[in-house]
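So the structure is just underneath, and the comments pick up after that.
Index from 1, following the sequence.
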Amino acid sequence: MAITADFHVHSSFSGDSSEPMENIIQAAIAKGLDHLCFTEHMDMDFPVSQNSPEGFFLVNTDSYLYDFAKYKEQYRDQIKLLYGIELGIQPHLKRELSLYARAYEFDFIIGSTHLVDRIDPYYPSFYEGRSEKEAYRAYFQTVLDNIRAFDNFDVCGHLDYVVRYGPNQDRNYSYAEYRDLFDEILKLLLKKEKGIELNTGSLLRGTKDVSPCTEVLKRYRELGGEIITVGSDAHRAGDVAACFDRAREILLECGFRYYCIFENRMPEYKKL
């Protein structure tokens, strides 16, 4: 059975995408998906720069909801559309993020770490003056701090996001090198009854493995983790459900028999 639900996609309602929402939907239908969850970016207090002007990662949630509701009805006989959001977690935003998450009837919330000390690891400047290992450890420590600070999300997004953009990406990277931090992160997520996602977007950016890497996924399962969604992190219609066959193989290899979809913030398990 194929994976037929993509639970991490972005349209032009996200600052870093120009793809119309309807194009994403039509691509998902063409690829045989039966569920599609939009997870537009909401990164409050994101540093202003030439590449990210003020408000760049602030979704217009009302406009997003208006178009989403329109297309949900229009395509209801072809695909189930779910209303999600990807929150950029920062501890000092705990109150603002909590109020926002409660203000809308989201089906699904991804909690992601996009900043470390006010710098996005997407930029080469994040790696200046420190080794790749030091940069990666700083990111994983920030993920842990963010999860400690904030609870109102369903799965933790792309746990090793930093690896996408590191100088050597995942050529010298392994779970074992950062075992102490990963185990703390995974155990805390389990304690808080939160899940993780398998994100295939890294494969499209040149890594050899999914995000988080297979070893981390396997460790999550060993610790008793069961809540896992699958997302392409698509920002273009052509990337919807990218590499999902490989994602299924990896999940089975790690001991999973089911993956999750969410509706009204409640998980439902689908057989792999």
key: Check: Ser52 side chain, Pro47 main-chain N or O, donor-acceptor pair, under 3.5 Å   = yes
inquiry  = So for atom CZ, which belongs to Arg265, do other residues, nucleotides or ligands contribute more than 12 heavy atoms lying within a distance under 6.0 Å?
reply    = yes
request  = Test Asp145 against Arg148 for salt bridge (charged side-chain N to carboxylate O under 4.0 Å, His left out), laying out the working first.
outcome  = CA-CA 5 Å; Asp145 294 342; Arg148 285 173 175 158; 3.6 Å; yes
ask   = Near Tyr66 OH, under 6.0 Å, is it more than 12 heavy atoms from other residues, nucleotides or ligands?
value = no
Single-linkage hydrophobic cluster Tyr258~Leu190, side-chain heavy atoms < 4.5 angstrom = yes
task = With sequence neighbours excluded, tell me which residues meet ring-ring contact (aromatic ring centres under 6.0 Å, His included) with His235.
result = His10, His41
inquiry  = Under the criterion salt bridge (charged side-chain N to carboxylate O under 4.0 Å, His left out), I'd like the reasoning laid out for Arg137 against Asp180: C-alpha separation, chi angles, the key distance, then a yes or no.
reply    = CA-CA 10 Å; Arg137 287 193 69 86; Asp180 56 331; 2.8 Å; yes
Residues 89-97, side-chain donor-acceptor partners within the protein, below 3.5 Å, at least two apart:
from, atom 1, to, atom 2, distance (Å)
Gln90, OE1, Arg118, NH1, 3.3
Gln90, NE2, Met44, O, 3.1
Gln90, NE2, Asp45, O, 3.4
His92, NE2, Asp45, OD2, 2.8

query = So, do Ile196 and Ile227 sit near enough that their side-chain heavy atoms are less than 4.5 Å apart?
reply = no
query = Got Tyr64 and Phe38 here, is their nearest side-chain heavy-atom distance under 4.5 Å?
reply = yes
ask   = Can you tell me how far CG of Asn152 sits from NZ of Lys192, rounded to the nearest 0.5 angstrom?
value = 11.0 Å
request  = Just say parallel, tilted or perpendicular for the rings of Phe7 and Phe108, cut-offs at 30° and 60°.
outcome  = perpendicular
inquiry  = Can you confirm whether or not the ring centre of Tyr161 sits under 6.0 Å from the ring centre of Tyr165?
reply    = yes
task = Could you please spell out the steps behind the side chain to side chain donor-acceptor pair (under 3.5 Å) verdict for His114 and Glu86?
result = CA-CA 11 Å; His114 293 131; Glu86 181 180 11; 3.2 Å; yes
query = Under 4.0 Å between a Lys/Arg side-chain N and an Asp/Glu carboxylate O for Glu215 and Lys218?
reply = no
message = Before you tell me yes or no, could you show the steps for Gln26 and Tyr75 under side chain to side chain donor-acceptor pair (under 3.5 Å), namely the whole-Å CA-CA distance, both residues' side-chain angles and the distance that decides it to 0.1 Å?
response = CA-CA 9 Å; Gln26 290 175 349; Tyr75 288 96; 3.1 Å; yes
ask   = How about His158 and His8: do any of their side-chain heavy atoms sit closer than 4.5 Å?
value = yes
inquiry  = Determine whether a donor-acceptor pair (N or O, by modelled atom type, separation under 3.5 Å) exists between the side chain of Glu19 and the backbone of Ser11.
reply    = no
request  = Using a strict 4.0 Å threshold on nitrogen-to-oxygen distance, state whether Lys194 and Asp154 make a salt bridge.
outcome  = no
remark   = In short, Cys213 meets Tyr175 closest at the heavy-atom pair SG-N, 4.3 Å
query = Does Arg246 pair with Glu253 as a salt bridge, N-O distance under 4.0 Å?
reply = no
remark   = To the nearest 0.5 Å, atom CD1 of Ile29 lies from atom CD1 of Ile79 at 5.5 Å
query = Under 4.5 Å between side-chain heavy atoms, hopping through other hydrophobics if needed: is there a path connecting Leu204 to Ile250?
reply = no
Side chain to side chain donor-acceptor pair (under 3.5 Å) between Ser232 and Asp6, intermediate numbers included = CA-CA 7 Å; Ser232 64; Asp6 192 336; 2.6 Å; yes
request  = Could you verify whether a donor N or O on one side chain and an acceptor N or O on the other, from Tyr100 and Thr61, lie under 3.5 Å apart?
outcome  = yes
query = Taking the side chain as C-beta and beyond, is there a heavy-atom pair between Ser17 and Arg236 under 4.5 Å?
reply = no
task = State plainly whether one hydrophobic cluster holds both Ile109 and Met266, where clusters connect Ile, Leu, Val, Met, Phe, Trp and Tyr through side-chain heavy atoms under 4.5 angstrom apart.
result = no
key: Exercise: identify the closest heavy-atom pair between Ser125 and Ile119   = OG-CG2, 4.1 Å
query = Between Asp67 and Lys72, is the closest basic N to carboxylate O distance under 4.0 Å?
reply = no
key: Flag, side chain of Lys271 to backbone of Arg257, donor-acceptor distance under 3.5 Å   = no
request  = Would you mind reporting whether Val240 and Ile24 have side-chain heavy atoms less than 4.5 Å apart?
outcome  = yes
key: Hydrophobic cluster of Phe46, others only, ordered by chain and residue number, side-chain cut-off 4.5 Å   = Phe56, Phe57, Leu115
task = State yes or no: do Tyr269 and Leu82 share one hydrophobic cluster built from I, L, V, M, F, W and Y residues joined by side-chain heavy-atom distances below 4.5 Å, directly or via other members?
result = yes
ask   = Between the side chain of Asp120 and the main-chain N/O of Tyr123, is any donor-acceptor distance below 3.5 Å?
value = no
key: Side chain Arg205, main chain Gly201, donor-acceptor under 3.5 Å   = yes
ask   = Can you name the closest pair of heavy atoms from Asn23 and Ala237 and give their distance?
value = O-CB, 3.6 Å
request  = Evaluate side chain to side chain donor-acceptor pair (under 3.5 Å) for Asn264 paired with Tyr83, printing each intermediate quantity in order.
outcome  = CA-CA 9 Å; Asn264 297 321; Tyr83 182 52; over 6 Å; no
task = List the atom of Phe153, the atom of Gly111, and the distance in Å for their closest heavy-atom pair.
result = CB-N, 3.8 Å
Ile261 versus Ala5, closest heavy-atom pair with distance = CG2-CB, 3.5 Å
ask   = Which value, rounded to the nearest 0.5 Å, describes the distance between Arg248 atom CZ and Leu198 atom CG?
value = 13.0 Å
ask   = In terms of side-chain heavy atoms, does Tyr178 have a donor or acceptor partner in Asp183 at a distance below 3.5 Å?
value = no
task = Say whether, by atom type as modelled, one donor and one acceptor occur between the side chain of Ser211 and the main chain of Asn199 under 3.5 angstrom.
result = no
ask   = Between the main-chain N or O of Glu134 and the side-chain N or O of Arg130, is there a donor-acceptor pair closer than 3.5 Å?
value = no
request  = Rounded to the nearest 0.5 Å, what's the gap from CD on Glu177 to NZ on Lys133? Could you check?
outcome  = 4.0 Å
inquiry  = With a 4.0 Å cut-off on N to O distance, would you call Asp34 and Lys270 a salt bridge?
reply    = yes
Charged tip of Arg102 within 45° of Phe106 ring normal and under 6.0 Å = no
ask   = Transitively linked via ILVMFWY side-chain contacts under 4.5 Å: Leu223 with Leu159?
value = yes
query = Closest heavy-atom contact between Thr229 and Cys260?
reply = CG2-O, 3.5 Å
query = Side chains of Val162 and Phe126: does their closest heavy-atom pair fall under 4.5 Å?
reply = yes
key: Min side-chain heavy-atom separation Arg164-Asp170 under 4.5 Å   = no
task = Could you give me the CA-CA distance, side-chain angles and deciding distance for Asp107 and Lys80, then say whether salt bridge (charged side-chain N to carboxylate O under 4.0 Å, His left out) is met?
result = CA-CA 12 Å; Asp107 288 300; Lys80 181 71 173 284; over 6 Å; no
key: Interatomic spacing from OG1 in Thr39 to CG in Asp233 - rounded to 0.5 Å   = 7.0 Å
request  = Report the distance from atom CG of Asn146 to atom CG of Leu87, rounding to the nearest 0.5 Å.
outcome  = 11.5 Å
query = Any side-chain heavy-atom pair from Asp43 and Leu58 closer than 4.5 angstrom?
reply = no
